[in-house]
Amino acid sequence: MLSKAKFTAVLAIIAGMFPNAHGELESDTPFQLLIATILSAQATDKGVNKATPKLFASYPDAETLAIADIADVESKIRTIGLYKTKAKNIVRTAQMLITDFGGELPHDKDLLQKLPGVGRKTANVVLGDAFGIPGIAVDTHVERVSKRLQLVKQSATVLEVEDKLMKVVPEKDWVETHHRLIFFGRYHCTARNPKCQTCPVLPYCKFGEKLTHES
DNA sequence: ATCCCGAGGG
DNA sequence: CCCTCTGGAT
C-alpha cells in the first residue's frame, strides 16, 4: 500500500496522461444517460453507443419507454448482451420514474438505486455526469487499476476502493479522478496485455519489480 | 456463488 | 479459441 504522498503522485501522473478524461456514453438528457449507463453493465461503451441511437429514436424519454413493447426494446439492444434483463430493467425503470418519481430523475444515490438495474456504480455515474454531484464510481477498471497500483489491498471490495479514493482525493476532484482512472484502465493499464513497457507509473506498480527483474 | 449474454480484441 | 467489457439481482 502506498503512502498518501505517493498515492497523490500516482494520480497526478495519470491525470497528466489523460487530461481530457470524460464519460464516453452518448446521451442528450439525464434520462438517456441513466438508460445508457444501465445498458453499459458488462458491455463496452462503444457497443452501447452503437445501439442507443436506435433505442432513443423510438423511446427518447421515460414517457415513451414506459409503454414500450419489451420485444421491440430487446430487438434494439440485443447486440449489447444481457439484453433480456436489460430490456426489462430499462422499461421498468421508465415506469417507476413516472409513477414513483414524478417523471424526474432523483438526485439521490439511494433513490436511484431503487430503480431496477441501477446499483451503486450506475447511481454514482449518473449523479456525477448528469448532475455534477461528487462521487467515485468503481467499475472493473477502477478496481483493477487501484489494486495494481496498490492504492488499496488486493482483497479490497469495490466499496473499500470507493472509500479509500474518496479519503485521499479532494471532493472536487472525485468525478475527474474517476474518469481518469477509467481512461487509464481502458487505454493503458488494460486487463490483458497492459502497456507496462511505456507506463509512467510502473515504479509504483505491483508489476513494476517483477518486470524489471525478468527483462 | 452464479446467472445474464453479444461483440470485439488478442 | 478465450477473455473482457464503466454490474446488478438472486
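Every chain is numbered from 1 and lettered A, B, ... according to where its sequence line falls, protein lines coming before strand lines.
Closest approach to the Arg78(A) side chain among dG6(B), dT4(C), dA7(B) is made by dG6(B) (side chain taken as heavy atoms from C-beta onward). For Tyr83(A), taking side-chain heavy atoms from C-beta onward, the closest of the listed nucleotides dC4(B), dT4(C), dG6(B) is dG6(B). Of the candidates dG8(B), dG7(C), dC5(B), the closest approach to any side-chain atom of Lys121(A) belongs to dG7(C). Closest to the side chain of Arg192(A), from the set dG10(B), dA7(B), dG9(B), is dG9(B).
Residue Gly119(A) is in sugar-phosphate contact alone, with no base atom involved, counting any heavy-atom pair closer than 4.0 Å across all strands shown. At the heavy-atom level, Val158(A) lies nowhere under 4.0 Å from the strands shown. Asn193(A) comes within contact range of the sugar-phosphate backbone alone, with a heavy-atom separation under 4.0 Å but no base atom that close. In this structure, Gly185(A) reaches neither bases nor backbone, as no heavy-atom distance under 4.0 Å exists between it and the strands shown. Using a 4.0 Å heavy-atom distance criterion, Thr190(A) is classed as making no nucleic acid contact.
Rounded to a whole Å, the CD1 atom of Ile90(A) is 15 Å from the C1' atom of dG7(C). Summarising the geometry, the separation between CG on Leu82(A) and P on dG8(C) is reported as 12 Å, rounded to the nearest angstrom. Note: CG (Leu25(A)) to P (dC5(C)) measures 15 Å, nearest angstrom. For Asn49(A) and dA7(B), the CG to P distance is 16 Å, given to the nearest whole Å. Going from atom CG of Leu112(A) over to atom C1' of dG8(C) covers 15 Å, rounded to whole Å. We find that CD1 of Ile35(A) is positioned 14 Å from P of dG8(C), with the value rounded to whole Å. For the pair Lys76(A) NZ and dG6(B) P, the computed distance is 18 Å after rounding to whole Å. One can place NZ of Lys88(A) at 9 Å from P of dC5(B), the figure rounded to the nearest angstrom.
With respect to Lys114(A) and Asp110(A), no salt bridge is recorded, no charged nitrogen being found less than 4.0 Å from a carboxylate O.
Environment of CD in Glu104(A): sparse, with no more than 12 heavy atoms of neighbouring residues, nucleotides or ligands closer than 6.0 Å. In Lys54(A), the NZ atom is crowded: over 12 heavy atoms of neighbouring residues, nucleotides or ligands sit closer than 6.0 Å. Crowding of Lys6(A) atom NZ: a count of heavy atoms from other residues, nucleotides or ligands under 6.0 Å not exceeding 12.
Side-chain atoms of Phe131(A) and Leu105(A), non-hydrogen and from C-beta on, do get closer than 4.5 Å to each other.
Mapping Leu115(A) and Lys46(A) onto DNA chain C via the closest heavy atom, the residue that lands nearer the 5' end is Lys46(A).
Ring pair Phe183(A)/His188(A): centre-to-centre distance not below 6.0 Å.
Nucleotides dC5(B) and dT10(C), compared at atom P, are 15 Å apart to the nearest Å.
Contacts of Phe31(A) classified as ring pair (Phe, Tyr, Trp, His ring centres under 6.0 Å), with partners at least two apart in sequence or in another chain: none.
Residues of residues 132-151 of chain A having a heavy atom closer than 4.0 Å to DNA chain C, listed by number: Asp139(A), Thr140(A), His141(A), Arg144(A). Contact check of residues 36-44 of chain A against DNA chain C (heavy atom, cut-off under 4.0 Å) returns Ser40(A), Ala41(A), Gln42(A), Ala43(A), Thr44(A).
OP1 or OP2 of dG8(B) sits under 4.0 Å from a side-chain N or O of Lys50(A).
Rounding to the nearest 0.5 Å places CD1 of Ile182(A) at 6.0 Å from CZ of Arg186(A).
Among Asp129(A), Asn20(A), Val125(A), the single residue meeting the side chain to side chain contact (heavy atoms under 4.5 Å, CB included) criterion with His179(A) is Asp129(A).
Taking the six-membered ring for Trp and thresholds of 30 and 60 degrees, Phe184(A) and Phe18(A) have ring planes more than 60 degrees apart, a perpendicular arrangement.
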